[in-house]
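Encoded as structure tokens, the structure appears first; notes follow it.
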There are 2 protein chains.
Amino acid sequence: MDHLLAAALAEARRGLAEGGIPIGAVLAVDGEIIGRGRNRRVQRGSAILPAEIDCLQNAGRLSASTYRRAVLYTTLSPCDLCGGAALLYKIPRIVIGENRTFCGPEDYLRQRGVQLDVRDNAQCRELLEAFIAARSHIWHEDIGICGTHTTELTLLRADELVYWAVGSM
Amino acid sequence: MDHLLAAALAEARRGLAEGGIPIGAVLAVDGEIIGRGRNRRVQRGSAILPAEIDCLQNAGRLSASTYRRAVLYTTLSPCDLCGGAALLYKIPRIVIGENRTFCGPEDYLRQRGVQLDVRDNAQCRELLEAFIAARSHIWHEDIGICGTHTTELTLLRADELVYWAVGSM
């Protein structure tokens, strides 16, 4: 595995060890890591700290020219919030560990000029799948959907976030 | 002015008094404020705390069903990051103080089903315009654009964020 994606995966594992959702991210410029983060919803009691956002927070206040040279590595396809952050700062490229467990607005990001490199990595996927199987209510909260036991989530298209729900959605 | 937009404006003024960028937001459910926030880039040294994100952070971890009953009030048109947060949590309505100083991806938010109510409020606009005139470099950092003195920013369309730049963009 690419060592920068591996660094994002290490963040995801660190998050899991803390009791959090195992999704990790790093921000790199010229192959050097300038920020690391992991989903901290559980750890910080925060609704605004997906892995990529935590990573951007930890990277600090950067110049616009730095963001434009950066690559964001994340173990999971970015959600609307994280994709939005990449658009705001015009981060030109995102390397995505996997997008089978969850797929954010990838088509829209591409339309806005972001290069996406989906690695379909089994380690990234299996780590999150195991968490979701064990703690689906936290996962559902993380992606903003209602219901824990009565809702079935089906990813209809890999390139678009579509929910088909039974029950209380 | 609507008292909830007035509460967002009060947050913006509070931010200015702290030396920050004067943009404020509140989250309301059934007319009751459940979260307040203001842009804290300067105050917290943070790249991920626009007003709406700070507001969602302060509102805490809410259920998906709560977000779906909420209205987000903000003094300024939401940027990609903040709009993305509203999409993630399926907040159905955003009341926008003004969108002349800056206009985020409003068309896209509407396409995704978010109801936008733009108030074109002079107080919201004048507060931010005065800040930008005095401290343009912080403003440019906030919206992720390069250059402070050599770049001219022109809002070509009110419903789409388009930059036309001269210089180092």
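Values below: all heavy atoms of this structure, side chains included; hydrogens, waters and symmetry mates excluded. By convention in this document, chain letters (A, B, ...) are assigned in the order of the sequence lines, proteins followed by strands, and residues within each chain are numbered from 1.
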With chain B, which of A/Gly60, A/Pro50, A/Ser65, A/Gly45 has the greatest number of heavy-atom pairs at distances under 4.5 Å?
-> A/Gly45

Between the CD atom in B/Gln111 and the OH atom in A/Tyr108, the distance rounded to the nearest 0.5 Å is 8.0 Å

Using a heavy-atom distance cut-off of less than 4.5 Å, which residues of residues 117-128 of chain B contact chain A?
-> none

To the nearest 0.5 angstrom, please state how far the CZ atom of B/Arg61 sits from the CD1 atom of A/Ile138.
-> 6.0 Å

Could you tell me the separation between the OG atom of B/Ser63 and the NE2 atom of A/His140, rounded to the nearest 0.5 Å?
-> 14.0 Å

Pull out the residues in residues 52-59 of chain A that come under 4.5 Å of chain B, heavy atom to heavy atom, sorted by number.
-> A/Ile53, A/Leu56, A/Gln57

Give, as side chain, backbone, both or neither, the part of A/Leu49 having an atom under 4.5 angstrom from any heavy atom of chain B.
-> side chain

Any residues in residues 27-44 of chain B near chain A, with a heavy-atom distance under 4.5 Å, and which are they?
-> B/Arg41, B/Val42

ring-ring contact (aromatic ring centres under 6.0 Å, His included) pairs, two or more places apart, involving residues 17-48 of chain A = none

Between A/Ile145 and B/Lys90, what is the shortest heavy-atom contact and its length?
-> CG2-NZ, 4.2 Å

What is the distance from atom CG of A/Asp80 to atom CG of B/Leu87, rounded to the nearest 0.5 Å?
-> 4.5 Å

Interface check, chain A: of B/Ala47, B/Cys82, B/Gly83, most non-hydrogen pairs under 4.5 Å belong to B/Ala47

Look only at the side chain of A/Tyr89 and the backbone of B/Ile143, and say whether a donor-acceptor pair between them is shorter than 3.5 Å.
-> no

